[in-house]
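Here is the structure we will look at, set down as structure tokens.
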Amino acid sequence: MIESLLNRQIKLVIADDHEVIRAGLRRLLSVDKSIFIVDEASNGLQAVELVKYHKPDIALLDILMPQMDGIEATRIIKTTYPEVLVVILTAFEDADHLEKALEAEADGYLTKDIGTKELLTALHDVFLGERVFSKSIINLLQNTYNYNDSSSSAHISISKREQEILNYVALGKTSVEISEILNISHRTVQSHRSNIMQKLKIKTAGELIRYAVINYSRPTLL
């Protein structure tokens, strides 16, 4: 499966309301012949329409755009076209926007100061099933949501199966995908997720993703 993906061209839709940014992305990404930009959008609504039309492998979206922002576009794309990967590329490096992106099930969150090599690596890695973050975002996750320093988490016991599920959550897998990978029912996966959240005293999917990324995955550092 991985080998077949390695030999495939990655189809990409990019969305940013600044033409200069889009031109820059076209120039930067053109050095990698395995990445093909099929179309580009200047707002979130247009990005959703282009994803519907082209069914790309990855949608690379800015957050602050007219008509529909990148977070809402991500939510619609991941709900309607779950096979399409969505990576946020933004100037925002704050917990609020990151939280919203994770809740919308973004597959990556990169900052616009990223280098060409790092961006290309991120796109290839997310295409192969990894969830990707810039170094500054990993630092934000660790500094803002440091569960390991909490006295309440000192005696939490995570089972082997729960750890497996956390690993897949960190990689961006849905409960349905996890159930297929582990050959267990969707209800069982949901039950494990619920148990984990109760143990950690967390209430949202975004918090669960953050915990998984920090404690149980090896996210790509960019």
Side-chain angles (χ1 to χ4, degrees), residues 1-2 5-6 10-14 35 51 56-63 70-71 73-79 81-90 92-112 114-115 117-147 158 162-182 189 192-193 196-197 200 202 204-222:
M1 178 65 176
I2 296 295
L5 289 176
L6 288 172
I10 301 172
K11 296 186 296 181
L12 188 70
V13 164
I14 60 175
I35 294 177
V51 166
D57 298 302
I58 303 172
L60 186 63
L61 310 180
D62 187 19
I63 289 180
I71 300 296
T74 297
R75 184 175 291 108
I76 293 172
I77 291 169
K78 296 302 293 184
T79 300
Y81 314 103
E83 73 282 0
V84 177
L85 301 162
V86 179
V87 177
I88 299 294
L89 180 63
T90 180
F92 292 115
E93 298 183 50
D94 61 280
D96 182 55
H97 285 96
L98 175 59
E99 164 86 10
K100 290 176 180 176
L102 292 177
E103 291 285 356
E105 300 188 3
D107 299 286
Y109 195 104
L110 308 174
T111 53
K112 285 185 175 178
I114 192 171
K117 182 178 179 181
E118 289 78 17
L119 176 57
L120 291 171
T121 298
L123 293 175
H124 281 282
D125 286 347
V126 80
F127 182 61
L128 294 176
E130 298 289 333
R131 181 176 253 132
V132 294
F133 299 94
S134 296
K135 285 181 181 179
S136 60
I137 299 304
I138 290 295
N139 291 335
L140 177 64
L141 283 166
Q142 293 173 334
N143 294 334
T144 308
Y145 311 101
N146 196 340
Y147 296 93
I158 301 294
E162 289 169 343
Q163 181 171 330
E164 280 185 302
I165 289 171
L166 280 168
N167 280 331
Y168 286 118
V169 169
L171 292 174
K173 302 299 182 184
T174 66
S175 292
V176 171
E177 290 171 326
I178 294 171
S179 71
E180 293 174 350
I181 293 169
L182 298 179
V189 174
H192 281 304
R193 287 177 63 125
I196 294 167
M197 292 174 73
L200 298 172
I202 58 180
T204 69
E207 288 180 294
L208 181 64
I209 293 168
R210 291 194 298 265
Y211 183 87
V213 169
I214 295 168
N215 295 281
Y216 290 94
S217 71
R218 295 186 177 89
T220 304
L221 301 184
L222 302 168

Rounded distance (nearest 0.5 Å) linking atom CG of D125 with atom CG of D107: 12.5 Å
Separation of L102 CG from E207 CD (nearest 0.5 Å): 11.0 Å
Qualifying residue for side-chain contact (heavy atoms from CB on, under 4.5 Å) with L110, from V132, I88, I137: V132
Residue pair S136 / E93, side-chain donor-acceptor N/O under 3.5 Å: yes
Donor-acceptor contact below 3.5 Å, side chain T74 vs main chain A104: no
With sequence neighbours excluded, residues passing ring-ring contact (aromatic ring centres under 6.0 Å, His included) with F92: H97
Spatial distance of atom CD1 (I58) from atom CG (L60) [nearest 0.5 Å]: 8.0 Å
Candidate pair V86 and V51, rule side-chain contact (heavy atoms from CB on, under 4.5 Å), full reasoning: CA-CA 10 Å; V86 179; V51 166; over 6 Å; no
Backbone of I76 reached by a side-chain donor or acceptor of T79 within 3.5 Å: no
Spacing of CD1 belonging to I10 relative to CG belonging to L123, to within rounding of 0.5 Å: 6.5 Å
Interatomic distance, D62 atom CG to L89 atom CG [nearest 0.5 angstrom]: 7.0 Å
I209 side chain reached by R131 side chain, heavy atoms, under 4.5 Å: yes
Minimum heavy-atom distance between L166 and A212, given as atom pair plus value: O-CB, 3.3 Å
Donor-acceptor contact below 3.5 Å, side chain R75 vs main chain E103: no
Those residues that, when tested against I181, pass side chain to side chain contact (heavy atoms under 4.5 Å, CB included) (two or more places apart): Y168, K173
Side-chain heavy atoms of V84 within contact of V13, under 4.5 Å: no
N/O donor-acceptor pair under 3.5 Å between K78 side chain and L85 backbone: no
From CD1 (I35) to CG (L120), nearest 0.5 Å: 5.0 Å
Non-hydrogen side-chain atoms of L12 and D57 separated by less than 4.5 Å: no
Contacts of type side chain to side chain contact (heavy atoms under 4.5 Å, CB included), residue K100, not counting sequence neighbours: I71, D96
